[in-house]
Amino acid sequence: MEIKASRLPVGNPFMERYLADDEWVRAFYEYNPWDECSVSNRLEYIEQEWRGADRAELAEVIRAYHTPELLHPAVERNLTRLADSKSLVVIGGQQAGLMTGPLYTLYKAITLIQLAKQEEARLGRPVIPVFWIAGEDHDSEEVNHIHVHDRHDGLTKVEWTGQLSGKQPVSMQMMQPEEMAAYLQTLIQIMGDGAEKREWLEEMQELLEGPVGWTRHFARIMHRLFGREGLLLIDSADPGLRRLEAPFFTVLIDQSASIQERVQQASAGLVASGLTEPVHLQDGQGNLFLMEAGERQALYRGVGGWVTKNGETRLTHEELVNIAHESPVRLSNNVITRPLMQEYLFPTLYFVGGPGEVAYWGLLKQAFAQVGLRMPIVLPRLQVTILDRRVQKRMNEFGLSATDVLAGLDDKREAWLAERVPFALSERFATAKQIIEQEYEALITDLEQGIGRNTREIGQKNLSKILAQVEYYQHFTERAVREKHQVELRHWEELSLAVTPDGKLQERVYNFLSLWNAWGLDWLHRLLETPLVGQGRRHVHYCMFL
């Protein structure tokens with residue numbers, strides 16, 4: 001196995017600014033992650049100003065979440081270290097995707113683990129990696145499927161066939177053993193018979209031990225992959241965590257209008273700087289959710305108090321504050337308040353996020369300040385593409401580098417195909433059509449002047465039919481070229497499906513089971529062992545050659 005760094009066009013306007021424009025970063029974020037002083041400044045803030053949850057209490061809540069089956073000795077050690085008054089965390093998270101969802105979920109975890117080790121060695125104090133599972137989220141369509149390589153070397157979306165409500169937080173929803181057995185059977189039929197098929201299937205069956213909650217199953221897989229690295233997991237909807245959050249929910253309720261005002265101001269600033277708003281904001285949104293009759297309802301500030309989005313529940317300010325004190329499990333955060341709650345709970349050195357998260361965190365600098373906190377250092381996660389032997393064979397066939405296959409592959413395929421034709425078809429046909437139109441127009445004009453009647457009308461209709469036949473001939477010729485090179489074009493399609501399926505990076509589509517099925521998990525262990533974090537501010541994309 002070999003890992004190489006590639007420099008790619010960023011492709012994301014927010015990330016382009018974040019990576020290159022220091023002045024812009026200072027305007028919308030608390031710290032510049034590329035500034036050497038940021039870590040020392042952040043450390044000074046945590047030691048002197050940060051007033052959040054008690055570390056020892058937080059460690060006990062996370063310990064209770066891991067008990068009993070998620071307590072690897074390395075996890076136990078980090079739980080003890082988290083309770084240390086000098087401890088720091090690096091944190092990131094993701095929705096509880098089925099079978100962990102797309103590959104980038106694992107790359108977030110690897111970033112957290114490597115970053116924690118790097119900063120602990122530099123600072124000489126405990127730095128703990130924490131993965132925040134967004135169990136309070138209720139968007140089931142985001143988590144109810146995975147994409148895998150099928151036995152025909154294609155891309156197949158495999159959806160969960162068991163029950164999954166779109167209105168309840170996923171942490172409240174259960175996987176029944178028979179549902180998981182049926183789903184695994186579907187995967188067996190769809191996926192090829194890879195060398196490690198029996199291994200992953202047996203382990204997935206062992207991790208079920210149900211009925212099991214949706215997020216708990218996600219946590220079991222993540223623990224199986226990263227428990228030995230000491231990665232701590234926490235479900236954002238965990239009742240123990242909710243009780244710890246209760247005091248800060250009151251702050252979020254009291255400061256709701258001001259938080260929203262600060263976020264809207266930041267959004268206007270981002271738009272003024274030439275970017276689109278990363279989150280759609282609505283006037284009056286409270287940036288909190290309330291559980292009512294088993295469903296998660298968005299809260300809005302109304303006349304004299306609060307109202308749920310469906311209009312069925314109205315609360316005074318005092319009633320909502322009382323819920324925060326007495327029944328905090330009924331409350332949850334949205335995309336705006338979740339980062340604030342994380343900062344209250346954890347002494348955070350770094351937040352690690354994907355491109356979309358980095359973008360919407362640009363809304364929050366003043367929102368943090370509004371509630372008496374300060375935004376942590378925001379660092380983009382690792383980006384990785386796995387290039388197996390078949391992909392490398394096709395790259396060699398067409399003389400392509402890793403950068404070639406990751407950026408503009410469709411254009412390179414069309415350029416390759418154009419080279420297989422003795423002349424440029426499109427230009428040749430365009431010239432022919434232009435000559436026909438010019439000659440026919442001259443003929444129509446002469447006939448109209450010499451004969452009159454309806455010669456122009458008939459001539460133009462006739463010209464349209466002739467040009468349509470030329471178009472037909474052009475399409476026929478292009479199709480014939482593709483049929484002549486259909487074997488090679490299938491090889492180009494193999495490249496596209498493996499590296500940029502549906503025009504997206506591999507990490508945003510495929511689930512890790514495809515790789516486990518074919519190659520085991522050595523590639524994952526190699527990624528963990530290879531220092532990839534902290535290799536500079538430019539956009540680095542890592543390619544692993546299997």
Consider side chain to side chain donor-acceptor pair (under 3.5 Å). Of Arg262, Glu261, Gln260, which one does Gln370 pass it with? Arg262
Apply the side chain to side chain donor-acceptor pair (under 3.5 Å) test between Arg220 and each candidate in Glu69, Glu203, Glu206; give the one that qualifies. Glu69
Does this structure show an ion pair linking [X] with [Y], if we count only N-O contacts that are shorter than 4.0 Å?
{"X": "Glu343", "Y": "Arg42", "value": "yes"}
{"X": "Arg122", "Y": "Glu119", "value": "yes"}
{"X": "Glu76", "Y": "Arg63", "value": "yes"}
{"X": "Arg242", "Y": "Glu136", "value": "yes"}

Can a donor-acceptor pair be found, under 3.5 Å and without considering hydrogens, that links the side chain of [X] to the backbone of [Y]?
{"X": "Gln285", "Y": "Gln282", "answer": "yes"}
{"X": "Lys108", "Y": "Gly93", "answer": "yes"}
{"X": "Asp137", "Y": "Gln95", "answer": "no"}
{"X": "Glu199", "Y": "Gly520", "answer": "no"}
{"X": "Asn511", "Y": "Met99", "answer": "yes"}
{"X": "Tyr542", "Y": "Leu532", "answer": "yes"}
{"X": "Ser256", "Y": "Ile253", "answer": "no"}
{"X": "Ser38", "Y": "Asn32", "answer": "yes"}
{"X": "Ser267", "Y": "Glu277", "answer": "no"}
{"X": "Glu60", "Y": "Glu57", "answer": "no"}

Hey, do the aromatic rings of Tyr183 and Trp160 have their centres closer than 6.0 Å? yes
Can the ring centres of Tyr18 and Tyr29 be said to be less than 6.0 Å apart? yes
Note, [X] side chain near [Y] side chain (heavy atom, < 4.5 Å):
{"X": "Ile323", "Y": "Phe249", "answer": "no"}
{"X": "Leu8", "Y": "Thr403", "answer": "yes"}
{"X": "Arg125", "Y": "Asp84", "answer": "no"}
{"X": "Arg17", "Y": "Asp21", "answer": "yes"}
{"X": "Asn333", "Y": "Leu252", "answer": "yes"}
{"X": "Val378", "Y": "Tyr31", "answer": "no"}
{"X": "Ile133", "Y": "Tyr65", "answer": "yes"}
{"X": "Phe226", "Y": "Leu524", "answer": "yes"}

Given the ring of Phe545, does Lys4 sit roughly above its face, with NZ or CZ under 6.0 Å from the centre of the six-membered ring and within 45° of the axis? yes
Check whether the side chains of Tyr45 and Glu30 place a donor and an acceptor atom closer than 3.5 Å, and report yes or no. no
I'd like to check the ring-ring contact (aromatic ring centres under 6.0 Å, His included) partners of Trp519; sequence neighbours left out, ordered by chain and number. none
Qualifying residues under ring-ring contact (aromatic ring centres under 6.0 Å, His included), relative to His149, sequence neighbours excluded: Tyr510
Just jot down the side chain to side chain contact (heavy atoms under 4.5 Å, CB included) partners of His138, sequence neighbours excluded, or say none. Phe289, Arg296
In terms of ring plane angle, is the pair [X] and [Y] parallel, tilted or perpendicular, where the classes change at 30° and 60°?
{"X": "Phe28", "Y": "Trp24", "value": "tilted"}
{"X": "Phe248", "Y": "Tyr344", "value": "parallel"}
{"X": "Phe368", "Y": "Trp361", "value": "tilted"}

Quick one: which of [options] gives a side chain to side chain contact (heavy atoms under 4.5 Å, CB included) with [X]?
{"X": "Trp200", "options": "Leu184, Leu515, Leu521", "result": "Leu184"}
{"X": "Cys543", "options": "Leu406, Ile386, Val384", "result": "Leu406"}
{"X": "Thr348", "options": "Val130, Val90, Leu373, Val89", "result": "Val89"}

[X] [atom1]: over 12 foreign heavy atoms closer than 6.0 Å:
{"X": "Glu36", "atom1": "CD", "result": "no"}
{"X": "Glu49", "atom1": "CD", "result": "yes"}
{"X": "Arg224", "atom1": "CZ", "result": "yes"}
{"X": "Arg526", "atom1": "CZ", "result": "yes"}

OG1 on Thr111 to CG on Leu382, rounded to 0.5 Å: 3.5 Å
Are Phe512 and Trp523 close enough, and set up right, to give a ring-ring contact (aromatic ring centres under 6.0 Å, His included), and what steps lead you there? CA-CA 11 Å; Phe512 84 107; Trp523 60 273; 7.3 Å; no
